[in-house]
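Encoded as structure tokens, the structure appears first; notes follow it.
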Amino acid sequence: MVSLIAGLTILIIGDSHLATPSYLIGSLHDGLLRQGAKSVHTIGVCGSTPAEWLTATPGSCGGAERIGSAKAVVKGKAAVTEPISQLIAKEKPDLVVLVFGDTMAAYTKPDFPKTWAWQQTTSLVKAISSTNTKCAWVGPAWGSEGGKYGKTYPRVQLMSKFLEANVPPCQYIDSLKFAKPGQWATVDGQHFTQAGYNAWGSAITQALASPPATKGANGK
Amino acid sequence: MKPTLIAALACLPALSAHAAGIALYPTGPAEDSAFVRFVNATSGPLEVQAAGSSATLSLPADKPASGFMPVAASKPVKGTLTGGGQNLPVSVTVKPGEFATVVALDKKATVVIKESPDDFNAMRASLALYNADPACRQAGLRTAGRNVGIFENVGQGQTKRRLINPVAVSVELTCDGKPQGAARDLGALEAGQRYTVLVVPGPQGPRTLFADDALTR
């Protein structure tokens with residue numbers, strides 16, 4: 001069976017989950033190439049938030065970039081976001097995949113910053129939808145509670161529900177449905193071991209390979 | 001040293017490097033965003049001047065509402081409203097997560113209405129009714145022609161907000177249950193957008209203004 005990803009030009013941007021070669025910049029990127037994507041370009045900037053992709057913003061903890069089947073290039077302190085409008089104009093992707101959630105959830109704060117999160121989310125979604133480019137937003141995964149980021153299951157659920165309600169017309173990919181809480185081991189509560197990133201990348205790839213994310217993208 | 005222990009120790013640097021691979025970064029802002037906007041409900045043009053700045057904002061009769069401007073939360077936002085040859089100093093403090101609207105009225109009066117919404121949703125439209133008219137004790141809004149209630153019992157200085165389907169809609173204002181003035185066509189409301197109908201004093205009694213709750217950058 002031919003994958004719905006086949007022939008698509010795909011751009012992936014996001015936070016730290018894309019910023020280390022063994023993370024999603026490896027497993028998700030490879031998964032989409034195996035599904036027959038025409039090209040995949042991944043840029044991860046550690047700690048970045050969605051609105052920081054409207055204007056060039058330096059990363060706070062490194063980053064990485066990968067084009068096609070080449071190895072990921074680690075950017076270190078040189079990591080900087082690239083404005084999404086510029087990326088779309090330059091690469092004309094059929095599909096933009098966004099990986100954000102953990103940098104917006106305010107795990108250590110008692111109150112979820114919903115107004116700020118709404119500002120962050122809608123500004124990036126509007127910038128993409130104004131170009132009539134299809135998009136898919138990958139929400140946060142469970143991770144494990146505690147760790148240096150103070151992640152909690154209730155807050156990651158709240159973050160995920162918020163994104164599901166606010167990212168349309170982007171398709172929402174609910175990563176919480178891919179595993180049980182704590183099922184994928186982490187190194188710090190938030191970032192997974194290699195097995196976790198392999199499982200997450202594979203699950204996202206399968207979700208993207210089925211409607212509705214790719215519906216109509218080939219016919220652009 | 002036993003070979004097994006040596007092997008285990010030899011693995012330690014790699015494990016530590018992996019575990020410490022990502023430097024700690026914030027998972028959100030220091031505090032939630034806060035916004036303020038100004039609405040001109042006077043009988044003439046109005047200018048808003050920020051304190052300590054030469055920047056001014058003009059609010060003519062045909063565009064009486066500014067967008068929501070981001071401000072520092074929990075610190076007074078000060079300025080001067082100028083219209084009809086008179087100046088009126090204003091100061092408003094907005095909490096994190098709050099949207100404040102300063103409505104300028106005739107006779108050097110202002111009404112500040114604040115809300116902390118939690119209805120953010122990209123699939124529906126969000127509509128609010130703000131009552132800034134002291135003469136309208138209990139404001140209501142209903143669809144024109146069909147008399148389907150959208151809001152009721154919004155007291156002076158109060159607000160109510162709800163999600164509605166993103167469709168074209170005309171509304172009719174009521175005060176204490178009685179219709180006021182002509183119907184207002186709000187046009188086609190868009191999914192994910194936020195809007196406000198404001199009740200303000202008019203020469204023939206309470207009237208409405210309609211504002212798009214867009215953010216300014």
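Everything numeric here is computed off the predicted structure, so don't read it as measured data.
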Side-chain touch A:W118/B:D118, heavy atoms, less than 4.5 angstrom: no
Part of A:K126 lying under 4.5 Å from any heavy atom of chain B: side chain
Under 4.5 Å from a heavy atom of chain B, the part of A:L54 involved: side chain
Euclidean distance, B:S33 OG relative to A:K114 NZ, rounded to 0.5 Å: 11.0 Å
Leading residue by heavy atom contact count with chain A [cutoff under 4.5 Å; candidates B:G28, B:P26, B:S116]: B:G28
B:A122 versus A:P168, closest heavy-atom pair with distance: CB-O, 3.4 Å
Contact class of A:E164 relative to chain B, heavy atoms under 4.5 angstrom: backbone
Over 12 non-hydrogen atoms of neighbours within 6.0 angstrom of NZ in A:K177: no
Within 6.0 angstrom of B:E152 CD, more than 12 heavy atoms from elsewhere: no
Min side-chain heavy-atom separation A:W116-B:E31 under 4.5 Å: no
Gap between atom OH of B:Y25 and atom OG of A:S16 - 0.5 Å precision: 3.0 Å
Interface moiety of B:A191 toward chain A, non-hydrogen atoms closer than 4.5 Å: neither
Portion of B:P117 that has a non-hydrogen atom of chain A nearer than 4.5 angstrom: backbone
Atom pair CG (A:D15) and OG1 (B:T27), whose distance is rounded to the nearest 0.5 Å: 11.0 Å
Minimal non-hydrogen separation, A:Y149 against B:L24, with atom names: CE2-CD1, 3.5 Å
Student check: side-chain heavy atoms of B:F120 and A:T115 closer than 4.5 Å: yes
Engaged part of A:S60 at the chain B interface, taking heavy atoms whose separation is under 4.5 Å: side chain
Distance, nearest 0.5 Å, that separates CG of B:L215 from OG1 of A:T122: 6.5 Å
Inter-residue atom distance A:N166.CG - B:M123.CE, 0.5 Å rounding: 7.5 Å
Which atoms of A:F162 approach chain B - backbone, side chain, both or neither, heavy atom under 4.5 Å: side chain
